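Below, chain A is the first sequence line, B the second, and so on; all start at residue 1. We use all heavy atoms of the structure for the numbers below, so side chains are in, but hydrogens, waters and symmetry mates are not. Remember, predicted model here, so these are calculated numbers, not experimental data.
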Amino acid sequence: AQRVTQPEKLLSVFKGAPVELKCNYSYSGSPELFWYVQYSRQRLQLLLRHISRESIKGFTADLNKGETSFHLKKPFAQEEDSAMYYCALKAGANNLFFGTGTRLTVIP
Amino acid sequence: DGGITQSPKYLFRKEGQNVTLSCEQNLNHDAMYWYRQDPGQGLRLIYYSQIVNDFQKGDIAEGYSVSREKKESFPLTVTSAQKNPTAFYLCASSIGQGIDYGYTFGSGTRLTVV
């Protein structure tokens, strides 16, 4: 069965420090992975997709099939990065399975 | 202004009552979804629909019902059979085919049973 694990519920880093939000998945098929972000008082929104290999707001995420991971990284955290981050796995035609989320706090 | 609208934002229900949460989108998306968000549990899929007049159960469908009579609308009814309905409910839509640009989410409805 598919599963997405985000081991850290809370993560605090200082402004300017590197940040890594961990995500591991379990899926027997070919995975498609996403990171969603929810800023305070805003809707949950797509941050990036692994298939596009893009960098959004300085964040990147590489799919590592050997380690079944899709960690989200940013070299220098900013205060505006403080938010709730969800890793999601697409399994089946259009079903997204979400992890439990990590709340990132960037300390000024 | 294209988007997905959920109403109401807050909803209070007495025990034993059914309530319906509205979800409307004007994005011309084929697929629509309902998730439940509880603290510490992330988002869990209740129901989804990939085309009009068709829908499928998600992981936690018990005590819920949906309909998809129109492409734009995917209302969720929380029935009295749902044992713990107090939660935050999120509706989402996606293009449903072709390149996957991810989901577009509504702003959510917070349901409280009193």
Shared hydrophobic cluster, Phe98(A) / Leu48(A) (ILVMFWY, side-chain heavy atoms < 4.5 Å): no
Output field: ring centroids Phe34(A)/Tyr103(B) closer than 6.0 Å: no
Over 12 foreign heavy atoms within 6.0 Å of CD, Glu80(A): yes
Qualifying disulfide bond (SG atoms under 2.5 Å apart) pairs with a residue from residues 14-48 of chain B, counting only residues at least two apart or across chains: Cys23(B)-Cys91(B)
Hydrophobic cluster identity match, Tyr27(A) and Leu72(A), side-chain contacts under 4.5 Å: yes
Heavy-atom check, side chain of Arg43(A) versus side chain of Leu90(B), under 4.5 Å: no
Residue Gln6(A) versus chain B: region with a heavy atom under 4.5 Å: neither
Atom pair OG1 (Thr104(B)) and CD (Gln45(A)), whose distance is rounded to the nearest 0.5 Å: 10.0 Å
From NZ (Lys90(A)) to OG (Ser94(B)), nearest 0.5 Å: 7.5 Å
Cluster check Leu11(B), Leu76(B): I/L/V/M/F/W/Y, side chain < 4.5 angstrom: yes
Proximal component of Gln56(B), with respect to chain A [non-hydrogen, under 4.5 Å]: neither
Common cluster, Leu43(B)/Tyr48(B), ILVMFWY with side-chain heavy-atom separation under 4.5 Å: yes
Transitive ILVMFWY side-chain link Ile56(A) to Val19(A), under 4.5 Å: yes
Where Phe97(A) and Asp59(B) come nearest, the two heavy atoms and their spacing: CE2-OD2, 3.3 Å
Gln37(B) and Tyr86(A) side chains, donor-acceptor separation under 3.5 Å: yes
From OH (Tyr35(B)) to CG (Leu44(A)), nearest 0.5 Å: 10.0 Å
